[in-house]
Amino acid sequence: MKISPSWKQPAAQKYLGEMEEEAPANMEDEETTPTMPLLCIPNRVLFPEETLPMHINDPHVIQMLRDASTRKKTVAVCTDLHLGDRLGGMRRPTQDELAALGTTAEIVAFREEESEYYYGPCFVVRLLGKQRFRLLKVDRRVNGLLEGHVKILPEIELPPHSSDVYACPAHIRDSCHAKQLIARTPGCSLHTRAQLELCINRLQSVRLSGSVCSVPTWVFRFYDTDHLREVLMKEQELKTFVKSDKASTRLPENIISLSYWLARRLPINEPSKLLLLSINCPTQRVIKGLQILKEFTKLHCSNCDTDLGLKEDIFSMSVDGPLAAYVNPGGYVHDTLTLTKAVHLNVQGGPSSDHSWFPGYQWTIVNCETCKAHKGWCFEATRKKLKPVKFFGLTRSGLVMRSKDNFDVQ
């Protein structure tokens with residue numbers, strides 16, 4: 001895998017124009033069950049610490065977001081599993097049509113303007129994911145808007161490792177074993193936070209002795225945060241991401257932030273994203289993300305399985321990473337993966353600079369040459385000295401990840 005050069009990148013979401021910045025919203029306590037406005041987004045999963053741009057045209061949803069912004073409250077963002085790419089709040093799904101997991105989000109910036117495509121105002125907003133939740137119940141207000149009764153899910157971090165962990169007396173083997181189970185159980189459903197704290201306290205109180213723990217040293221190292229960060233840095237594809245991400249030239253130090261940093265950069269489908277979102281242990285989330293990252297080697301058309309690109313051609317054209325959400329004035333959001341080159345694509349129509357997601361670049365629609373389905377856009381620089389001169393932005397919904405043996409990674 002080659003390392004991409006240092007591209008000159010546009011600022012994150014610069015195409016949205018000037019927006020009013022908002023103060024941070026209040027965080028909810030873990031394990032609590034608050035009720036909050038429910039915003040349903042079609043076929044898309046929002047991760048904590050991920051940015052989501054939206055164009056809202058529904059007046060009721062606009063008022064809901066205004067109220068949330070005024071009160072410095074978060075909203076519950078949940079995935080509507082039965083719609084296309086449009087985000088405008090027009091649909092009111094039932095609870096059975098929504099994913100069981102979601103993410104709270106705060107409004108970080110917004111702007112109100114007249115809509116170019118619909119009668120009335122348009123609310124241009126940028127949301128930031130905050131905390132994971134499980135959807136317990138959905139209520140419908142008189143005006144048709146939805147409220148969600150949610151349970152804020154915990155982030156269960158593993159205790160730091162020390163020499164005491166690698167050589168512990170026999171009388172705390174059960175604690176070591178419990179720690180291992182916590183790391184290997186995605187939902188950590190068998191262990192409460194009190195049990196985890198008890199395990200940590202017992203391990204920290206131990207001193208070196210002649211007895212050897214039944215759990216091998218390599219097991220603990222496998223779950224060590226510093227070791228996982230080293231593995232990520234050694235992966236060529238992650239070096240590409242880091243080298244290209246001007247806003248974060250270093251991997252996050254915090255294991256929770258690191259897990260979501262990796263999760264939102266993986267070109268995986270919605271079921272795989274929901275799987276990552278369901279994991280309570282950030283260490284396990286990083287391990288699962290690394291597994292996906294190592295397995296896939298190429299990208300295929302989701303309709304006809306035609307080869308479209310290789311993993312080594314993926315690079316970051318935005319500070320949000322190689323895969324980011326972009327919204328057009330009509331309210332349609334595309335998770336777009338940027339590649340230096342792509343194959344087996346045909347252009348449709350001529351180039352245009354209108355509403356370009358990348359200032360200084362014009363776009364042309366590209367379709368799969370086999371099935372003719374829309375796959376994304378080809379971007380070409382309109383100003384000198386811009387690099388790269390040409391690149392592709394492929395919509396995630398039109399792609400399938402394959403391994404070198406042509407097995408579907410997802």
* To do: Determine, step by step, whether N269 and S272 satisfy the side chain to side chain donor-acceptor pair (under 3.5 Å) criterion, reporting the C-alpha distance in whole Å, the side-chain angles of both residues, the deciding distance to 0.1 Å, and the verdict.
  => CA-CA 5 Å; N269 59 18; S272 297; 2.9 Å; yes
* Report the C-alpha separation of E49 and S257 in whole Å, then their side-chain angles, then the decisive distance to 0.1 Å, and conclude whether the side chain to side chain donor-acceptor pair (under 3.5 Å) test is met. => CA-CA 8 Å; E49 304 185 21; S257 296; 3.0 Å; yes
* Yes or no on side-chain contact (heavy atoms from CB on, under 4.5 Å) for M36 and V75, after CA distance, side-chain angles and deciding distance? -> CA-CA 6 Å; M36 55 183 64; V75 297; 5.8 Å; no
* To do: Start with the C-alpha distance between D224 and R229, add both sets of side-chain angles, then the distance that settles salt bridge (Lys or Arg N to Asp or Glu O under 4.0 Å), and finish with yes or no.
  => CA-CA 9 Å; D224 182 71; R229 293 181 77 255; over 6 Å; no
* Asked: Yes or no on side-chain contact (heavy atoms from CB on, under 4.5 Å) for I152 and D29, after CA distance, side-chain angles and deciding distance?
  -> CA-CA 7 Å; I152 304 299; D29 292 332; over 6 Å; no
* Please lay out, stage by stage, how K130 and E106 fare under the test salt bridge (Lys or Arg N to Asp or Glu O under 4.0 Å). => CA-CA 7 Å; K130 300 296 288 185; E106 67 175 6; 3.8 Å; yes
* Asked: What's the verdict on salt bridge (Lys or Arg N to Asp or Glu O under 4.0 Å) for E312 and K341, showing C-alpha distance, side-chain angles and the deciding distance?
  -> CA-CA 10 Å; E312 54 259 37; K341 60 182 179 181; over 6 Å; no
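Looking at residues two or more places apart in sequence or on another chain, you find no salt bridge (charged side-chain N to carboxylate O under 4.0 Å, His left out) involving R140. Remark: R132 pairs with E155 by the salt bridge (charged side-chain N to carboxylate O under 4.0 Å, His left out) rule, at least two apart or across chains. Partners of K73 according to the salt bridge (charged side-chain N to carboxylate O under 4.0 Å, His left out) rule, which considers only residues two or more places apart in sequence or in another chain, do not exist here.
Summarising the geometry of L38 relative to L98, their closest heavy-atom pair is CD2-CD1, 3.9 Å, with the distance given to 0.1 Å. G129 approaches L46 most closely through the heavy-atom pair CA-CD2, 4.0 Å. When all heavy atoms of L299 and M401 are compared, the pair lying nearest together is CD2-CG, 4.0 Å. Summarising the geometry of M54 relative to I41, their closest heavy-atom pair is CE-CG2, 4.3 Å, with the distance given to 0.1 Å. Smallest separation of non-hydrogen atoms from W357 and V327: NE1-O, 3.1 Å. Between L135 and A99, the closest heavy-atom pair is CD2-O, 4.1 Å.
Using a 4.5 Å heavy-atom threshold, the side chains of C281 and L158 count as touching. Contact annotation: the side chain of L228 approaches that of T283 to within less than 4.5 Å [non-hydrogen atoms, C-beta and beyond]. With contacts defined as side-chain heavy-atom distances shorter than 4.5 Å, the pair F391/E380 does not qualify. The side-chain heavy atoms of Y361 and M317, taken from C-beta on, include a pair separated by under 4.5 Å. Side-chain atoms of T297 and R402, non-hydrogen and from C-beta on, never get closer than 4.5 Å to each other.
For the residue pair D139 / H149, a side-chain donor-acceptor distance below 3.5 Å is found, with atom types taken as modelled.
Checking side-chain atoms of K375 against main-chain N and O of G398 turns up a donor-acceptor pair under 3.5 Å. Of the possible polar contacts, one joining the Q95 side chain to the V138 backbone as a donor-acceptor pair under 3.5 Å is found. When atom types are taken as modelled, the side chain of K298 and the backbone of L308 share no donor-acceptor pair closer than 3.5 angstrom. Side-chain atoms of H344 come within 3.5 Å of backbone N or O of D307 as a donor-acceptor pair. Of the possible donor and acceptor atoms, none in the side chain of S356 sits under 3.5 Å from a partner among the backbone N and O of S353. With hydrogens and angles ignored, the 3.5 Å screen pairs no side-chain donor or acceptor of S302 with any backbone N or O of V400. Between the Q131 side chain and the M27 main chain, no donor and acceptor come within less than 3.5 Å of each other.
For the pair R141 and E147, the salt-bridge criterion is met [side-chain N within less than 4.0 Å of a carboxylate O]. Between K151 and E30 there is no salt bridge, since no side-chain nitrogen of the basic residue lies less than 4.0 Å from a carboxylate oxygen of the acidic one.
Aromatic pair F379/F392: centroids not less than 6.0 angstrom apart.
Considering K273, R264, R396 as possible partners of D335, the one that fulfils the salt bridge (Lys or Arg N to Asp or Glu O under 4.0 Å) test is K273.
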